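Heads up, the thing below is written out as structure tokens.
Keep in mind that this is a model prediction, so the values were computed, not measured.
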Amino acid sequence: MTRERIYTMAIELIKQYGFDNVTVDEICRQSGVRKGAFYHHFKSKDDIVIEAYKIVDKDFLQEVSNLSADTGYTGKIFFAVLYQARRVVTEGVVLVRQIYKSQIDTGTSFFVSSERPFYRMIHDAIEEGQSRGEYMTEMTPDELTRLVLSISRGIIYDWCMEDGIFDIVAFMEHSFRIFLKGLKIQ
């Protein structure tokens, strides 16, 4: 309960004022906890950002559980990258920029872990497409998954750099239609 209250207030303040303009003291004051309680639950403000990713992963898994059983491997890749695009719109440019900054600054392996559900879904879908002889095999499933995630992160990065002025969901969908068409064996 306290952890959730701290997290919720921190995210609200970060979205409103920007990560660098919000102090741990302000988070504590606004959430009605002492500084020791903050540090009991989070090592730093950067841990708030990591927590945001954990929540995204949990929400993603919930959405995946609602997918139709007949969703094919191409549909699963589309689902994953479009989920990312819709989610960044929901979270907003300020928070997403901070997520990218935290990834670079803290270098945490959590963000790029092959155990994260986005990675697993994309990897497994690519592996299935290759095993069925429909996706090219010049690259391994791990390499192709890394490429898919690099492209989606690049689109998100550009969206942040341009202050969210373009329809990222439509652009992500268009980009991956082209990419996945190229992935298929003709």
Side-chain angles (χ1 to χ4, degrees), residues 3-4 7 11 41-43 46-93 95-160 167-185:
R3 179 181 177 84
E4 186 177 308
Y7 171 79
I11 291 298
H41 295 286
F42 301 98
K43 293 178 193 169
D46 284 318
D47 275 1
I48 298 290
V49 175
I50 293 169
E51 184 71 15
Y53 256 70
K54 290 178 181 176
I55 290 169
V56 167
D57 285 357
K58 180 181 168 203
D59 293 348
F60 177 75
L61 287 172
Q62 179 62 43
E63 292 288 324
V64 167
S65 73
N66 296 327
L67 277 179
S68 169
D70 63 347
T71 302
Y73 45 91
T74 298
K76 289 177 182 176
I77 295 169
F78 266 115
F79 176 81
V81 297
L82 292 177
Y83 180 88
Q84 286 179 305
R86 287 189 308 271
R87 189 65 185 238
V88 299
V89 170
T90 300
E91 298 300 337
V93 172
L95 181 60
V96 176
R97 274 188 186 142
Q98 186 53 48
I99 288 169
Y100 273 70
K101 184 177 183 288
S102 293
Q103 288 177 15
I104 292 166
D105 290 348
T106 62
T108 178
S109 60
F110 174 79
F111 294 112
V112 294
S113 170
S114 61
E115 298 306 312
R116 291 192 62 217
F118 287 106
Y119 186 100
R120 295 285 1 128
M121 177 179 245
I122 294 166
H123 179 276
D124 293 350
I126 289 169
E127 194 170 60
E128 182 181 352
Q130 286 180 329
S131 72
R132 292 176 181 257
E134 294 187 29
Y135 283 170
M136 61 109 125
T137 56
E138 288 82 1
M139 295 174 77
T140 68
D142 285 326
E143 292 169 329
L144 285 169
T145 301
R146 195 169 294 120
L147 180 58
V148 166
L149 292 172
S150 294
I151 293 168
S152 67
R153 282 192 300 256
I155 291 169
I156 294 167
Y157 178 84
D158 285 352
W159 180 79
C160 288
D167 183 343
I168 189 172
V169 177
F171 190 76
M172 187 79 78
E173 182 173 5
H174 178 72
S175 299
F176 274 93
R177 284 205 188 285
I178 293 168
F179 174 80
L180 291 170
K181 185 176 180 183
L183 191 60
K184 289 192 179 244
I185 294 175

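Scanning all heavy atoms of the two residues, the minimum distance from V88 to W159 falls at O-CH2, 3.4 Å. In terms of heavy-atom proximity, M121 sits nearest to K76 at SD-O, 3.6 Å. Nearest approach of I155 to F171, heavy atoms of both residues: CG2-CD2, 3.8 Å. For the pair H123 and P141, the tightest heavy-atom approach, listed with the atom from each and the gap, is NE2-CB, 3.5 Å. The heavy-atom pair separating S152 from Q84 by the smallest distance is OG-OE1, 3.0 Å. Of all the heavy atoms in Y7 and E51, the pair that sits closest is CD1-CG, 3.6 Å.
Distance alone, capped at 3.5 Å, places no donor-acceptor pair between the Y83 side chain and the V64 backbone. When atom types are taken as modelled, the side chain of E134 and the backbone of E128 share no donor-acceptor pair closer than 3.5 angstrom.
The local environment of CD in E173 is crowded, with over 12 non-hydrogen atoms from other residues, nucleotides or ligands closer than 6.0 Å. Crowding of R132 atom CZ: a count of heavy atoms from other residues, nucleotides or ligands under 6.0 Å not exceeding 12.
Put simply, CG on D158 and CD1 on I168 are 9.0 Å apart, with the number rounded to the nearest 0.5 Å. To the nearest 0.5 Å, atoms CD (Q130) and CE (M136) are separated by 8.5 Å. One distance of note links CG of L183 with OG1 of T137; it measures 10.0 Å at 0.5 Å rounding. Note that the CG atom of L180 and the CD1 atom of I77 stand 5.0 Å from one another [nearest 0.5 Å]. For the atom pair L95 CG and R97 CZ, the distance stands at 11.5 Å (nearest 0.5 Å).
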Where do F118 and D57 land on the side chain to side chain contact (heavy atoms under 4.5 Å, CB included) test, with the steps shown first? CA-CA 8 Å; F118 287 106; D57 285 357; 3.7 Å; yes
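Side-chain contact between V148 and I126: present, with at least one pair of heavy atoms (C-beta onward) separated by less than 4.5 Å. Considering only heavy atoms from C-beta on, M172 comes within 4.5 Å of I156 through its side chain. Inter-residue side-chain proximity for Y73 and D124 is flagged as unmet; no heavy-atom pair is nearer than 4.5 Å. Taking the side chain as every heavy atom from C-beta outward, E127 and Y135 never approach each other to under 4.5 Å. The side-chain heavy atoms of E63 and L67, taken from C-beta on, include no pair separated by under 4.5 Å.
By the 30° and 60° cut-offs, the orientation of the rings of F79 relative to F60 is tilted. Ring planes of F176 and F179: perpendicular class, angle over 60° (limits at 30 and 60°).
Residues that satisfy the salt bridge (charged side-chain N to carboxylate O under 4.0 Å, His left out) test with D59, not counting sequence neighbours, are R87.
If you check the side chains of H174 and R177, you find no donor sitting under 3.5 Å from an acceptor.
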